[in-house]
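Okay, so here's the structure we're looking at.
Numbers restart at 1 for each chain; the letters A, B, ... are given by sequence-line order, proteins then strands.
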Number of protein chains: 2
Amino acid sequence: MVEMNLQADARLPAYLRLRDELAARIAAGEWRTDEALPSDNRLARDGDLSVGTVRKAVQMLVDEGLLERRQGSGTYLRKPAFNATLFRFFQMRDSGSGQSIPSSRLLSRELMTAPAAIADVLGTDEVIRIERLRDFADRPFLSEDIYIPVRLFPGFETIPESEIGPLLYPVYLDRFEVFVASAEDEVSFATADETTASRLGIATGDAIAVIERTAYSLNGTPVEWRVARGPADRFRYRSRIG
Amino acid sequence: MVEMNLQADARLPAYLRLRDELAARIAAGEWRTDEALPSDNRLARDGDLSVGTVRKAVQMLVDEGLLERRQGSGTYLRKPAFNATLFRFFQMRDSGSGQSIPSSRLLSRELMTAPAAIADVLGTDEVIRIERLRDFADRPFLSEDIYIPVRLFPGFETIPESEIGPLLYPVYLDRFEVFVASAEDEVSFATADETTASRLGIATGDAIAVIERTAYSLNGTPVEWRVARGPADRFRYRSRIG
DNA sequence: AATTCCAAGTTATATATAGAACTGGTTGAC
DNA sequence: GTCAACCAGTTCTATATATAACTTGGAATT
């Protein structure tokens, strides 16, 4: 948020300047998840810094979940573990052993003017709305309305559906260099309206769980707002605190 | 709780040993929130370590939210912000401006043998069960069943109710030196049985939200299991991810 | 009485260095 | 061909040191 700064190099400590530089180069796509970044020693030489300073900068990015250090091997760009974090909250109760990712179908994608409340969150009313339905165990279990700013995702609505997998965040990263670093969820309870009921294959007025999520990029900018609805009786939301 | 880990000192790196030692001394109540811990230099001398190693250990505890460093002044025990973390998730939707903590009434406290599922989580079946009802805006909104191991909380059932405030975790800390450092919540929806309905003042069969929580101490030991139930239509659960 | 200044103590930043622990590949012996 | 030994490169741990930035309290000055 206060990180929009291009003038970052004011008179910040060296380790912060290096952290920012690395973050920028990562965001620019300089490295892939399977190739090592320059070694600590290399970065120290290049930047005319000591190894300790370099390690402090790199450690910050590790703590932020961007990088991954492998002793004896190198420092790598981390493959975002969407399953383990942003996604696992949507597991269903009776899944048994299934760690499988639910399949998903895109119902629609369209350019539109966002409702005021959503425009307020995203900071713009020029958005793309994605309607999506996720199946699990051969039954629809989650109906989603997703809003993303056109500014950040130009042309998203024209990407062939075949190139969009069951998870959106990897698409955001690969095609638009938008990294979803954190999110806020809000869980509540409601009853199904007609549209939702027909999508989920339940009756109008049936109990549903509602998850509203705002997703943020690394610098804290909101990059997505979505609402997901599913049958309340099959729903379970897990959260770790502290 | 004093020293669960006698074997901890196996052959861990020095900074981890120091971190563990400090965590134990903090848990034992050696310092208050308004007095400084020994300085980095002092800890280095005492432990025959270098300052860098000490700083690494202290920094871990800062990252874990236990300590707080004030440049030029010292390192202090942080005042646990129960409101800001473990508690805020239970705010109700229509609260308006009310940041107030709901009042709570203890309905019962008794020594008992825990059901298998709970004994499994807590690692013992000798527990104390606390039934509690929380009010908000003059209406009951949360019915809780709380289970804590007798081993960790001996005599909890005999504490005068007047000495138990609306929040339990401060009581755990002050009287039993048990620090609740993290928790896992699981939110689901169900319908009210007779007991719950009468406590909450709703009808049997009405939709309720169910929050099951396992709370952990610093070293990861489960120290409490609770289930909370409230009217689903007034419920809202907030969670930050990543 | 109020303000300024100073000194000691503290955390924060940064460097330089050394060896341990580990990885991945190459070489060599069998 | 297989296995063991070796090696270069990497991260990890730890020490020692120096300086900057900041806080606090008391002394000195006005």
Side-chain angles (χ1 to χ4, degrees), chain A residues 2-3 5 8-23 25-26 30-79, chain B residues 5 8-23 25-26 30-79:
Chain A
V2 192
E3 277 285 86
N5 40 12
D9 285 42
R11 210 65 285 152
L12 291 171
Y15 74 94
L16 283 182
R17 290 201 303 271
L18 176 57
R19 177 232 164 263
D20 289 348
E21 183 202 320
L22 288 176
R25 291 170 69 182
I26 290 167
E30 188 160 335
W31 301 285
R32 308 201 152 266
T33 58
D34 52 355
E35 63 183 332
L37 271 68
S39 74
D40 292 354
N41 283 328
R42 186 63 203 268
L43 287 172
R45 269 193 294 126
D46 290 356
D48 200 22
L49 298 167
S50 79
V51 178
T53 303
V54 169
R55 284 186 63 81
K56 196 165 176 182
V58 173
Q59 190 56 47
M60 285 194 72
L61 294 169
V62 170
D63 292 340
E64 291 171 37
L66 268 176
L67 297 179
E68 181 181 310
R69 315 196 67 151
R70 299 183 204 149
Q71 184 175 173
S73 176
T75 304
Y76 298 82
L77 188 53
R78 211 181 77 152
K79 196 171 321 211
Chain B
N5 37 13
D9 286 39
R11 211 62 287 153
L12 292 171
Y15 74 96
L16 282 183
R17 289 202 303 271
L18 177 57
R19 177 230 164 264
D20 289 348
E21 183 203 321
L22 288 176
R25 292 170 69 183
I26 291 167
E30 187 159 339
W31 301 286
R32 308 199 153 267
T33 57
D34 52 356
E35 62 184 331
L37 272 66
S39 73
D40 292 355
N41 283 328
R42 186 62 204 268
L43 287 172
R45 268 191 296 125
D46 291 354
D48 200 21
L49 298 167
S50 79
V51 178
T53 303
V54 169
R55 283 187 62 81
K56 198 166 174 182
V58 173
Q59 191 55 48
M60 285 193 73
L61 294 168
V62 171
D63 291 340
E64 291 171 36
L66 269 175
L67 296 179
E68 180 182 310
R69 314 197 67 151
R70 299 184 205 151
Q71 184 175 170
S73 177
T75 305
Y76 298 83
L77 186 54
R78 215 182 71 153
K79 199 169 319 213

Spacing of CG belonging to Leu37(A) relative to CH2 belonging to Trp31(A), to within rounding of 0.5 Å: 4.5 Å

All pairs passing salt bridge (charged side-chain N to carboxylate O under 4.0 Å, His left out) where residues 45-57 of chain A contributes a residue, at least two apart: Asp40(A)-Arg55(A), Arg42(A)-Asp46(A)

Rounded distance (nearest 0.5 Å) linking atom CZ of Arg78(B) with atom CZ of Arg69(B): 14.5 Å

side-chain N/O Lys56(B) vs dA14(D) OP1/OP2, d < 4.0 Å: no

Of Arg25(A), Arg19(A), Arg17(A), the residue whose pairing with Glu21(A) passes side-chain hydrogen bond (donor to acceptor under 3.5 Å, both in side chains): Arg25(A)

Residues in contact with DNA chain D, drawn from residues 40-55 of chain B - heavy-atom cutoff 4.0 Å: Asp48(B), Leu49(B), Ser50(B), Thr53(B)

Smallest separation among heavy atoms of Leu67(B) and Leu77(B), with atom names: CD2-CA, 3.9 Å

Spatial distance of atom CG (Leu61(B)) from atom CG (Leu22(B)) [nearest 0.5 Å]: 6.0 Å

Aromatic Tyr76(A) / basic Arg70(A) pairing, under 6.0 angstrom, 45° off normal: yes

Range on DNA chain C touched by chain B, heavy atoms, distance below 4.0 Å: dG9(C) to dT13(C)

Pro38(B) or Gly72(A), whichever maps to the more 5' nucleotide of DNA chain C: Pro38(B)

Contact under 4.0 Å: Tyr15(B) side-chain N or O vs dA14(D) OP1/OP2: no

